[in-house]
Amino acid sequence: MGGGSMVVRLVLIFTILSVASSIDDKCAACNAVAEELELGLSNEKPRNHLDMRHRLDSTGQRRGKVIDYRVSELRVVELLDGICEKMQDYTLHKIDSNRKEWIKVDNWDNLTISKQEAKAYSKDLSTYCGRLLEETEDELAELIKKGSVRGGDVSKVLCQDLSAHCSRTSASHQGNGYGNGSNGEL
């Protein structure tokens, strides 16, 4: 192995790292997060109301509220908790020379790109997710509690209405493009 090929490999590694250090298509990334949230919504089990009647009054009667789980803070926490860690299961998959999409990885050994490159992308998506939730969490939580975030419209709510990372027109492709629609700065 000559010195020239070592230099080429180093340049390739630095190129991969610099490409992976930022999310180019925030719309596609946002849609990947929305897809994971959508999955969380579809896997929700029916839950009993939360009984918050823990205080006893002077007559020994329990006082407090019974809260519908669907509008509770607990539901929001359970839906959003750990979602950004789950984004580490995704990486960028090349469709053709111009397009890439975020895919959930079942087996890291079956990837067509190096595992190191794939993991760098997944870390970027997880970091992006953290910033996205930081920016939108309060409004998103309110919309979840109001019942405005239902299966099928998470992407519209999160990526168009709250973060504006997808424009009204580009969002119709459900965000699997790459390199366009980089509106919104995170």
Side-chain angles (χ1 to χ4, degrees), residues 22-50 66-96 98-108 110-111 118 121-186:
S22 68
I23 298 287
D24 289 335
D25 185 353
K26 290 180 174 63
C27 182
C30 186
N31 277 303
V33 175
E35 191 179 301
E36 195 59 43
L37 182 53
E38 189 93 51
L39 203 60
L41 283 166
S42 67
N43 289 336
E44 274 188 308
K45 308 259 185 293
R47 294 276 299 266
N48 292 331
H49 290 354
L50 304 173
V66 174
I67 301 169
D68 183 346
Y69 174 76
R70 296 195 69 72
V71 300
S72 70
E73 196 67 40
L74 179 63
R75 179 181 180 223
V76 172
V77 168
E78 288 182 342
L79 277 171
L80 299 182
D81 190 41
I83 197 166
C84 294
E85 285 81 8
K86 290 176 186 159
M87 300 321 296
Q88 291 183 29
D89 295 339
Y90 287 73
T91 195
L92 268 179
H93 172 69
K94 188 174 182 175
I95 300 170
D96 56 39
N98 295 328
R99 291 184 310 145
K100 294 181 180 181
E101 68 177 353
W102 290 101
I103 58 162
K104 198 163 190 170
V105 178
D106 294 324
N107 186 342
W108 289 92
N110 291 347
L111 291 173
Y121 284 130
S122 69
K123 191 170 187 294
D124 285 339
L125 184 60
S126 181
T127 303
Y128 163 85
C129 172
R131 291 197 205 116
L132 175 69
L133 286 187
E134 199 175 293
E135 181 189 294
T136 60
E137 193 165 14
D138 292 343
E139 291 167 289
L140 183 60
E142 283 311 305
L143 290 172
I144 290 170
K145 287 194 268 188
K146 281 182 189 162
S148 305
V149 181
R150 290 181 297 277
D153 68 355
V154 177
S155 175
K156 180 192 172 301
V157 170
L158 185 61
C159 305
Q160 288 179 47
D161 303 344
L162 294 181
S163 70
H165 287 188
C166 298
S167 67
R168 299 277 183 262
T169 51
S170 72
S172 60
H173 74 289
Q174 288 305 303
N176 284 333
Y178 185 69
N180 55 12
S182 329
N183 24 349
E185 193 51 48
L186 269 190

Holding to side chain to side chain contact (heavy atoms under 4.5 Å, CB included), I want the full list of residues that pass it with [X], two or more places apart in sequence or in another chain.
| X | answer |
| --- | --- |
| Asn107 | Asp109, Asn110 |
| Thr127 | Arg131 |
| Asp89 | Lys104 |
| Ala118 | Thr91, Trp108, Leu111, Ile113 |

Grab the two heavy atoms, one from [X] and one from [Y], that are nearest each other, plus how far apart they are.
| X | Y | answer |
| --- | --- | --- |
| His165 | Cys30 | CB-CB, 4.3 Å |
| Ser42 | Leu39 | OG-O, 2.9 Å |
| Ser122 | Gln88 | CB-O, 3.4 Å |
| Val154 | Ala34 | CG1-O, 3.6 Å |
| Arg75 | Ile144 | NH1-O, 3.5 Å |

Should [X] and [Y] count as side-chain neighbours, where that means a heavy-atom distance under 4.5 Å?
| X | Y | answer |
| --- | --- | --- |
| Tyr90 | Glu35 | yes |
| Leu162 | Leu143 | yes |
| Leu37 | Leu140 | yes |
| Leu158 | Leu132 | yes |
| Ser155 | Glu38 | no |

Task: Spacing of Gln160 atom CD and Asn31 atom CG [to the nearest 0.5 Å] - done: 8.5 Å

TODO: Report the distance from atom CD of Glu36 to atom CD1 of Ile83, rounding to the nearest 0.5 Å.
DONE: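 Answer for the CD-CD1 pair, Glu36 versus Ile83, is 6.0 Å.
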
Task: Sub-2.5 Å SG contact, Cys159 and Cys166 - done: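 No - the two cysteines, Cys159 and Cys166, have SG atoms at least 2.5 Å from each other.
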
- [ ] May I ask you to decide if the ring planes of Tyr121 and Trp102 are parallel, tilted or perpendicular, using 30° and 60° as cut-offs?
- [x] perpendicular

Open item on the list: Among residues at least two apart in sequence or on other chains, which ones pass salt bridge (Lys or Arg N to Asp or Glu O under 4.0 Å) with Glu142?
Closed with: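 Here the qualifying residues are Lys145.
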
TODO: Without swapping roles, check the side chain of Asp81 against the backbone of Val77 for a donor-acceptor pair under 3.5 Å.
DONE: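 Flag not set: sc Asp81 to bb Val77 has no pair under 3.5 Å.
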
Task: Crowding at CG, Asp138 (>12 non-hydrogen neighbours, <6.0 Å) - done: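 Count not over threshold, so no.
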
